[in-house]
Amino acid sequence: MAVPGFLARDRIVAKPGFNRWLIPPAALAVHLCIGQVYATSVYKAALVADFDSSLTAIGAIFSIAIVMLGLSAALFGTWVDRNGPRAAMFTAACFWSVGFLVGAAGIATNQLWLLYLGYGVLGGIGLGIGYISPVSTLIKWFPDRPGLATGMAIMGFGGGALIATPLSRSLMSLYDDGYDGTAATTASGTAVALLFVTLGLVYLVFMMFGAAIIRVPADGWQPEGFDPSTVKSKALVTTDSVSAANAIKTPQFWLLWIVLFCNVTAGIGILEQASPMVQDFFRDGETSAVTVAAAGGFVGLLSLFNMAGRFVWSSTSDVIGRKGIYMVYLGVGLVLYIALATVGSSAVWLFVLLAALIISFYGGGFATIPAYLRDLFGTFQVGAIHGRLLTAWAAAGVAGPLIVNGVLDTQGTPGELVAGDYRIALFIMVGLLAVGFVANLLVKPVADKWHEPKAQTTPTPERSAAR
Amino acid sequence: MSSPERSTTPLALIVVAWALVVIPLLYGLVQTIRTASALFTG
């Protein structure tokens with residue numbers, strides 16, 4: 001499918017002398033917007049009240065969006081690689097913004113299916129395309145520090161929720177005099193609809209700004225002073241290229257799929273239950289040593305570590321290697337989970353420390369995976385390969401909550417659970433991390449038979465389009 | 001690079017672009033830290 005000329009890849013090839021440090025803010029402009037998807041809890045209660053519906057029915061909006069993220073990233077990854085980041089960012093901005101506007105119409109007319117279609121399906125497509133749109137471009141601009149580059153962008157996805165949560169509270173307070181931004185009051189449906197319209201328009205402008213300033217490097221461009229042979233000398237790093245169609249036929253792709261699935265599922269185990277979990281761990285009878293306000297603070301702290309881990313650990317992977325950093329995420333994560341299950345209830349500070357480190361590994365796992373893919377498969381179609389791998393995220397988004405909620409349902413009633421009731425769920429996560437650890441250990445360089453002939457791997461639109 | 005056409009990215013553009021993403025991020029960080037502080041005070 002051809003794109004209009006102003007979006008075409010050949011229109012955004014950077015001229016010599018272009019400063020590559022303009023690319024991270026372009027990527028952040030997109031990821032900071034789509035990261036809003038992790039802030040949906042801020043208006044969840046308002047939607048339940050407005051639609052007179054259940055938490056499950058409203059929670060399905062988020063689930064649909066995440067599943068659509070995985071599916072659209074997988075389906076449109078090759079299109080994104082072929083047409084370049086401006087076309088992808090533009091398209092993502094349109095879908096994400098229209099998703100909000102259709103969702104607002106659904107809230108205003110009290111039709112939940114419109115909210116599913118708007119925010120869930122259309123918004124979810126925007127999420128998937130937007131998530132992968134700047135990743136391969138960043139890797140090409142920063143061949144010397146791919147972990148740092150992808151960490152910066154994907155940190156923005158974590159940061160998006162940090163911005164959207166307080167911003168949404170402020171806007172809903174503005175649109176509804178009866179809402180004061182605390183859990184004691186609930187915003188009206190009209191206020192949420194107006195919030196959706198506002199966010200949809202603001203995000204459209206912000207993402208279009210990213211699309212306007214994004215550039216791709218010219219063929220053969222290298223940063224000054226960069227010697228590609230120093231990268232090649234590292235284990236597992238290839239200078240060859242593997243197409244997306246071939247990548248999914250390799251064991252390496254599926255081993256990384258398992259690695260991502262296990263790491264994300266384990267992280268969701270804590271994120272899904274963060275607020276009630278910290279209270280349950282320190283429950284004595286009907287009361288908990290951790291107040292509702294403090295539990296809210298715990299959720300905020302996890303958001304900070306989720307975001308920081310994306311940047312810090314992904315950057316660290318440039319030094320210790322991708323396989324090494326995943327051994328930390330999965331191996332140390334496994335030990336931390338065991339500690340959480342066994343001694344986590346002995347002190348609040350210990351529980352918080354363990355959970356925060358686990359969540360930083362969760363974020364780090366997301367941010368490092370594109371650089372791992374680039375190491376194994378080259379930069380040729382890394383965006384499309386990344387898109388296909390994100391189906392692991394969609395699967396984990398379903399499996400993680402199912403495991404945790406399924407186990408807790410057998411242990412007792414919410415509000416009466418104690419630390420011991422979480423033990424089975426936590427040890428299931430330990431098992432998952434062990435599986436991921438072994439999968440990561442099994443990753444070896446991709447066999448030569450999957451490499452593209454050298455002459456065919458220049459990512460010009462014409463050549464890529466033929467693939 | 002051998003192309004004779006050479007450009008320089010204006011420093012102001014880089015500063016503005018970074019400011020546009022960093023300022024909202026700082027707002028979110030400050031607000032989240034304020035919320036998170038309840039863990040130790042609340």
Can any side-chain N or O of Thr35(B) pair as donor or acceptor with the backbone N or O of Gln31(B) at less than 3.5 Å?
yes

Side chain of Trp18(B), backbone of Trp21(A): donor and acceptor closer than 3.5 Å?
yes

Relative to chain B, which segment of Leu301(A) carries a heavy atom at a distance below 4.5 Å: side chain, backbone, both, or neither?
both

Tell me, side chain or backbone of Val278(A) under 4.5 Å from chain B's heavy atoms, or both, or neither?
neither

Looking at side-chain heavy atoms only, is the closest gap between [X] and [Y] below 4.5 Å?
X         : Y         : result
Ile34(A)  : Met207(A) : yes
Trp141(A) : Pro217(A) : yes
Trp349(A) : Leu353(A) : yes
Arg215(A) : Leu22(A)  : no

Proximity of Phe366(A) and Trp313(A) rings by center, below 6.0 Å
no

Starting at NZ of Lys140(A), measure out to CD1 of Ile23(A) and round the result to the nearest 0.5 Å.
12.5 Å

Within this structure, what is the CH2-CD distance for the pair Trp96(A) and Gln36(A), rounded to the nearest 0.5 Å?
5.0 Å

Any idea which of Ile213(A), Val348(A), Leu304(A) has the most non-hydrogen atom pairs under 4.5 angstrom with chain B?
Leu304(A)

One option among Gly300(A), Ser303(A), Pro25(A), Ala295(A) has the most heavy-atom pairs under 4.5 Å with chain B, and it is Pro25(A)

By number, which residues in residues 158-171 of chain A have some heavy atom less than 4.5 Å away from chain B?
Gly159(A), Leu162(A), Ile163(A), Pro166(A), Leu167(A), Ser170(A)

Can you say whether Leu11(B) sits under 4.5 Å from chain A via the side chain, the backbone, both, or neither, judging by heavy atoms?
neither

With a 4.5 angstrom heavy-atom cut-off, is it the side chain or the backbone of Leu20(B) that approaches chain A, or both, or neither?
both

